Amino acid sequence: AAGVIQSPRHLIKEKRETATLKCYPIPRHDTVYWYQQGPGQDPQFLISFYEKMQSDKGSIPDRFSAQQFSDYHSELNMSSLELGDSALYFCASSARGGDYGYTFGSGTRLTVV
Amino acid sequence: AQKITQTQPGMFVQEKEAVTLDCTYDTSDPSYGLFWYKQPSSGEMIFLIYQGSYDQQNATEGRYSLNFQKARKSANLVISASQLGDSAMYFCAMRETRRSGYSTLTFGKGTMLLVSP
(Lines give C-alpha, C1' and ligand atoms only; values in the text may rest on other atoms or scores of the structure.)
Protein backbone atom coordinates (compact mmCIF):
# COMPACT_ATOMS: atom_id res chain seq x y z
CA ALA A 1 0.00 0.00 0.00
CA ALA A 2 1.16 3.54 -0.70
CA GLY A 3 2.55 5.41 2.27
CA VAL A 4 3.31 9.03 3.05
CA ILE A 5 6.49 10.02 1.22
CA GLN A 6 8.80 12.68 2.58
CA SER A 7 11.88 14.11 0.98
CA PRO A 8 14.67 14.54 1.61
CA ARG A 9 15.34 12.05 4.41
CA HIS A 10 18.28 14.04 5.70
CA LEU A 11 19.20 17.69 5.26
CA ILE A 12 22.12 19.70 6.55
CA LYS A 13 21.92 23.48 6.37
CA GLU A 14 23.88 26.36 7.78
CA LYS A 15 22.45 29.03 10.04
CA ARG A 16 20.43 31.69 8.20
CA GLU A 17 19.93 29.44 5.18
CA THR A 18 16.54 28.28 3.90
CA ALA A 19 15.19 24.75 3.62
CA THR A 20 12.24 23.20 1.83
CA LEU A 21 10.74 19.90 2.95
CA LYS A 22 8.32 17.98 0.75
CA CYS A 23 5.50 15.64 1.61
CA TYR A 24 3.38 13.42 -0.64
CA PRO A 25 0.30 12.17 1.25
CA ILE A 26 -1.56 8.95 0.72
CA PRO A 27 -3.88 9.26 -2.29
CA ARG A 28 -7.43 10.32 -1.37
CA HIS A 29 -6.37 11.51 2.06
CA ASP A 30 -7.86 14.97 2.49
CA THR A 31 -5.71 16.36 5.32
CA VAL A 32 -1.96 16.88 5.70
CA TYR A 33 -0.21 17.69 8.96
CA TRP A 34 3.31 18.83 9.76
CA TYR A 35 4.99 18.04 13.08
CA GLN A 36 8.36 19.00 14.53
CA GLN A 37 10.16 16.65 16.93
CA GLY A 38 13.21 18.07 18.67
CA PRO A 39 15.88 15.75 20.12
CA GLY A 40 14.38 13.75 22.98
CA GLN A 41 11.05 15.54 22.61
CA ASP A 42 7.54 14.58 21.62
CA PRO A 43 6.22 15.70 18.23
CA GLN A 44 4.72 19.18 18.20
CA PHE A 45 1.99 20.17 15.75
CA LEU A 46 2.99 22.90 13.32
CA ILE A 47 0.30 23.29 10.69
CA SER A 48 -2.35 21.38 8.77
CA PHE A 49 -4.15 21.59 5.44
CA TYR A 50 -7.59 20.31 4.54
CA GLU A 51 -8.34 20.00 0.84
CA LYS A 52 -5.43 22.32 0.03
CA MET A 53 -6.55 25.06 2.41
CA GLN A 54 -4.77 25.79 5.66
CA SER A 55 -7.00 24.38 8.37
CA ASP A 56 -5.07 24.96 11.58
CA LYS A 57 -1.84 26.36 12.96
CA GLY A 58 0.07 25.19 15.96
CA SER A 59 3.43 26.31 17.24
CA ILE A 60 4.86 27.21 13.86
CA PRO A 61 7.44 30.03 13.87
CA ASP A 62 6.81 33.02 11.63
CA ARG A 63 9.98 32.08 9.73
CA PHE A 64 8.23 28.94 8.55
CA SER A 65 5.51 28.72 5.93
CA ALA A 66 3.74 25.85 4.26
CA GLN A 67 1.33 25.19 1.46
CA GLN A 68 -0.48 22.37 -0.23
CA PHE A 69 -0.51 22.20 -3.99
CA SER A 70 -3.12 21.12 -6.53
CA ASP A 71 -1.66 17.60 -6.64
CA TYR A 72 -2.05 17.47 -2.83
CA HIS A 73 1.63 17.39 -2.06
CA SER A 74 2.74 19.81 0.62
CA GLU A 75 5.90 21.78 1.24
CA LEU A 76 7.25 23.25 4.45
CA ASN A 77 9.52 26.22 3.85
CA MET A 78 11.88 27.32 6.59
CA SER A 79 13.90 30.51 6.34
CA SER A 80 16.61 32.14 8.48
CA LEU A 81 17.38 28.77 9.98
CA GLU A 82 18.55 28.64 13.58
CA LEU A 83 20.41 25.94 15.47
CA GLY A 84 17.23 25.25 17.41
CA ASP A 85 15.42 24.27 14.22
CA SER A 86 17.44 21.05 14.14
CA ALA A 87 14.79 18.38 14.50
CA LEU A 88 12.92 15.55 12.87
CA TYR A 89 10.06 16.91 10.76
CA PHE A 90 7.14 14.61 10.16
CA CYS A 91 4.39 14.87 7.66
CA ALA A 92 1.21 12.87 8.26
CA SER A 93 -1.99 12.47 6.30
CA SER A 94 -5.48 11.36 7.17
CA ALA A 95 -8.92 10.87 5.71
CA ARG A 96 -12.08 12.32 7.25
CA GLY A 97 -10.25 14.37 9.84
CA GLY A 98 -8.43 11.45 11.33
CA ASP A 99 -11.44 9.21 11.88
CA TYR A 100 -9.50 6.40 10.27
CA GLY A 101 -6.18 7.28 11.81
CA TYR A 102 -3.10 9.17 10.81
CA THR A 103 -0.27 7.83 8.67
CA PHE A 104 3.15 9.31 9.21
CA GLY A 105 5.97 9.61 6.74
CA SER A 106 9.48 8.53 7.67
CA GLY A 107 10.41 12.10 8.51
CA THR A 108 13.09 14.53 7.39
CA ARG A 109 15.99 14.95 9.78
CA LEU A 110 17.16 18.56 9.55
CA THR A 111 20.49 19.51 11.04
CA VAL A 112 21.41 23.19 11.21
CA VAL A 113 25.12 23.88 11.70
CA ALA B 1 -1.55 21.97 30.56
CA GLN B 2 -0.33 18.60 29.40
CA LYS B 3 -3.23 16.73 27.87
CA ILE B 4 -1.46 13.40 27.53
CA THR B 5 0.59 12.17 30.45
CA GLN B 6 3.03 9.30 30.28
CA THR B 7 4.56 8.95 33.73
CA GLN B 8 7.18 6.32 32.88
CA PRO B 9 10.22 7.85 31.16
CA GLY B 10 11.75 4.38 30.83
CA MET B 11 10.71 0.77 31.29
CA PHE B 12 12.72 -2.44 31.32
CA VAL B 13 11.28 -5.84 30.55
CA GLN B 14 12.70 -9.26 29.86
CA GLU B 15 12.06 -10.98 26.58
CA LYS B 16 8.77 -12.96 26.48
CA GLU B 17 7.31 -11.09 29.45
CA ALA B 18 4.33 -8.74 29.24
CA VAL B 19 4.67 -5.02 29.89
CA THR B 20 2.18 -2.21 30.46
CA LEU B 21 2.91 1.35 29.38
CA ASP B 22 0.78 3.95 31.14
CA CYS B 23 -1.11 6.81 29.55
CA THR B 24 -3.63 9.20 31.05
CA TYR B 25 -5.39 11.95 29.17
CA ASP B 26 -7.45 15.04 29.76
CA THR B 27 -10.18 16.32 27.49
CA SER B 28 -13.67 17.76 27.74
CA ASP B 29 -14.51 16.69 24.20
CA PRO B 30 -16.99 13.76 24.29
CA SER B 31 -15.62 12.45 20.99
CA TYR B 32 -11.93 11.68 20.88
CA GLY B 33 -9.53 8.98 19.84
CA LEU B 34 -6.48 7.52 21.49
CA PHE B 35 -3.48 6.18 19.60
CA TRP B 36 -0.25 4.46 20.41
CA TYR B 37 2.80 4.87 18.19
CA LYS B 38 6.19 3.16 18.28
CA GLN B 39 9.30 5.09 17.33
CA PRO B 40 12.45 2.97 16.94
CA SER B 41 15.89 4.53 16.87
CA SER B 42 15.60 4.94 13.10
CA GLY B 43 13.00 7.62 13.76
CA GLU B 44 9.89 6.58 11.86
CA MET B 45 6.53 6.78 13.65
CA ILE B 46 4.76 3.43 13.50
CA PHE B 47 1.05 3.15 14.30
CA LEU B 48 0.23 0.38 16.77
CA ILE B 49 -3.34 0.61 18.01
CA TYR B 50 -6.39 2.89 18.20
CA GLN B 51 -9.25 3.28 20.67
CA GLY B 52 -12.25 5.49 20.03
CA SER B 53 -14.00 7.18 22.92
CA TYR B 54 -17.27 5.44 22.09
CA ASP B 55 -15.78 2.00 21.58
CA GLN B 56 -17.27 -0.44 24.05
CA GLN B 57 -14.49 -3.00 23.86
CA ASN B 58 -10.78 -2.62 24.39
CA ALA B 59 -8.81 -2.54 21.15
CA THR B 60 -6.44 -5.37 20.31
CA GLU B 61 -3.91 -5.75 17.49
CA GLY B 62 -1.85 -8.91 17.66
CA ARG B 63 0.45 -8.68 20.70
CA TYR B 64 -0.82 -5.16 21.48
CA SER B 65 -3.90 -4.42 23.51
CA LEU B 66 -5.21 -1.20 24.93
CA ASN B 67 -6.60 -1.16 28.47
CA PHE B 68 -9.14 1.63 28.14
CA GLN B 69 -10.67 2.92 31.38
CA LYS B 70 -12.81 5.86 30.35
CA ALA B 71 -13.85 6.97 33.83
CA ARG B 72 -10.22 7.11 34.90
CA LYS B 73 -9.19 8.67 31.58
CA SER B 74 -6.49 6.12 31.07
CA ALA B 75 -5.45 4.21 27.95
CA ASN B 76 -2.61 1.90 28.86
CA LEU B 77 -0.79 -0.13 26.22
CA VAL B 78 -0.15 -3.77 27.02
CA ILE B 79 2.48 -5.63 25.03
CA SER B 80 2.38 -9.37 25.54
CA ALA B 81 5.37 -11.66 25.00
CA SER B 82 7.90 -8.87 24.52
CA GLN B 83 10.48 -9.25 21.78
CA LEU B 84 13.90 -7.65 21.40
CA GLY B 85 12.54 -5.70 18.45
CA ASP B 86 10.03 -4.01 20.74
CA SER B 87 12.82 -1.84 22.18
CA ALA B 88 11.80 1.67 21.15
CA MET B 89 10.15 4.88 22.27
CA TYR B 90 6.38 4.59 22.65
CA PHE B 91 4.08 7.58 22.35
CA CYS B 92 0.50 7.85 23.46
CA ALA B 93 -1.48 10.41 21.44
CA MET B 94 -4.98 11.81 21.45
CA ARG B 95 -7.04 13.09 18.58
CA GLU B 96 -9.04 16.07 19.66
CA THR B 97 -10.94 18.82 17.97
CA ARG B 98 -9.22 22.16 18.14
CA ARG B 99 -10.80 25.64 18.20
CA SER B 100 -10.49 25.67 14.41
CA GLY B 101 -12.99 22.84 14.29
CA TYR B 102 -10.38 20.53 12.84
CA SER B 103 -8.73 17.65 14.63
CA THR B 104 -5.11 16.88 15.18
CA LEU B 105 -2.96 14.66 17.35
CA THR B 106 -1.43 15.69 20.67
CA PHE B 107 1.39 13.51 21.94
CA GLY B 108 2.63 12.54 25.37
CA LYS B 109 6.32 12.76 26.30
CA GLY B 110 6.86 9.10 25.52
CA THR B 111 8.16 6.01 27.31
CA MET B 112 11.42 4.35 26.32
CA LEU B 113 11.04 0.58 26.46
CA LEU B 114 14.09 -1.65 26.61
CA VAL B 115 13.69 -5.38 26.18
CA SER B 116 16.53 -7.53 27.48
CA PRO B 117 17.34 -11.12 26.49
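Computed from a predicted model, the values in this text were never measured in an experiment. Chain letters run A, B, ... following the sequence lines, proteins first and then strands; every chain starts at 1.
Taking CD of B:Glu44 as the reference point, atom CZ of A:Arg9 lies at 7.0 Å (rounded to 0.5 Å). Between atom CZ of residue A:Phe104 and atom CG of residue B:Leu105 there is a gap of 5.5 Å, rounded to the nearest 0.5 Å.
The environment of CD in B:Gln57 is sparse: at most 12 heavy-atom neighbours from other residues, nucleotides or ligands sit within 6.0 Å. Within 6.0 Å of atom CD1 in A:Ile12, 12 or fewer heavy atoms from other residues, nucleotides or ligands are found, so the atom counts as exposed in its surroundings. Around atom CZ of B:Phe12, no more than 12 heavy atoms belonging to other residues, nucleotides or ligands sit under 6.0 Å away. Within 6.0 Å of CG in A:Asp71 there are more than 12 heavy atoms belonging to other residues, nucleotides or ligands.
Using a 4.5 Å cut-off between side-chain heavy atoms of Ile, Leu, Val, Met, Phe, Trp and Tyr, with links allowed through other members, B:Leu66 and B:Tyr64 fall into the same hydrophobic cluster. When hydrophobic clusters are built by joining Ile, Leu, Val, Met, Phe, Trp and Tyr residues whose side-chain heavy atoms come closer than 4.5 Å, directly or via intermediates, A:Ile60 is grouped together with A:Leu11. By the rule that hydrophobic residues join a cluster once side-chain heavy atoms approach within less than 4.5 Å of another member, B:Tyr32 and B:Trp36 end up as members of one cluster. Criterion: ILVMFWY side-chain heavy atoms under 4.5 Å apart, direct or through other members. Under it, A:Tyr24 and A:Val4 are not part of a common hydrophobic cluster. Note: the hydrophobic cluster containing A:Leu83 also contains A:Leu81 (ILVMFWY, side chain heavy atoms under 4.5 Å, direct or indirect links).
In this pair, A:Tyr50 and B:Tyr102 present their aromatic rings tilted. The plane angle is within the 30 to 60° band.
Considering all non-hydrogen atoms of both residues, A:Pro43 and B:Met45 come closest at CG-CE, 3.6 Å. Here the closest heavy-atom approach between residue A:Tyr102 and residue B:Tyr37 is recorded as O-OH, 3.1 Å. Between B:Gly43 and A:Phe90, the closest heavy-atom pair is O-CZ, 3.0 Å. Between B:Ser100 and A:Asp56, the shortest heavy-atom distance links the atoms OG-OD2, 3.0 Å. Contact detail for B:Phe91 and A:Gln41: the closest heavy-atom pair is CZ-O, 4.0 Å.
A side-chain donor-acceptor contact under 3.5 Å links B:Arg98 to the backbone of A:Lys57.
Looking at heavy atoms from C-beta onward, A:Tyr33 lies in side-chain contact with B:Thr104 at the 4.5 angstrom threshold.
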**Request:** I would like to know whether A:Leu88 and B:Gln39 meet side chain to side chain contact (heavy atoms under 4.5 Å, CB included); could you show each step before the answer?
**Result:** CA-CA 12 Å; A:Leu88 189 54; B:Gln39 187 176 41; 3.8 Å; yes
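Aromatic pair A:Tyr35/B:Phe107: centroids less than 6.0 angstrom apart.
Looking at A:Ser55, the atoms closer than 4.5 Å to chain B (heavy atoms on both sides) sit in the backbone and in the side chain alike.
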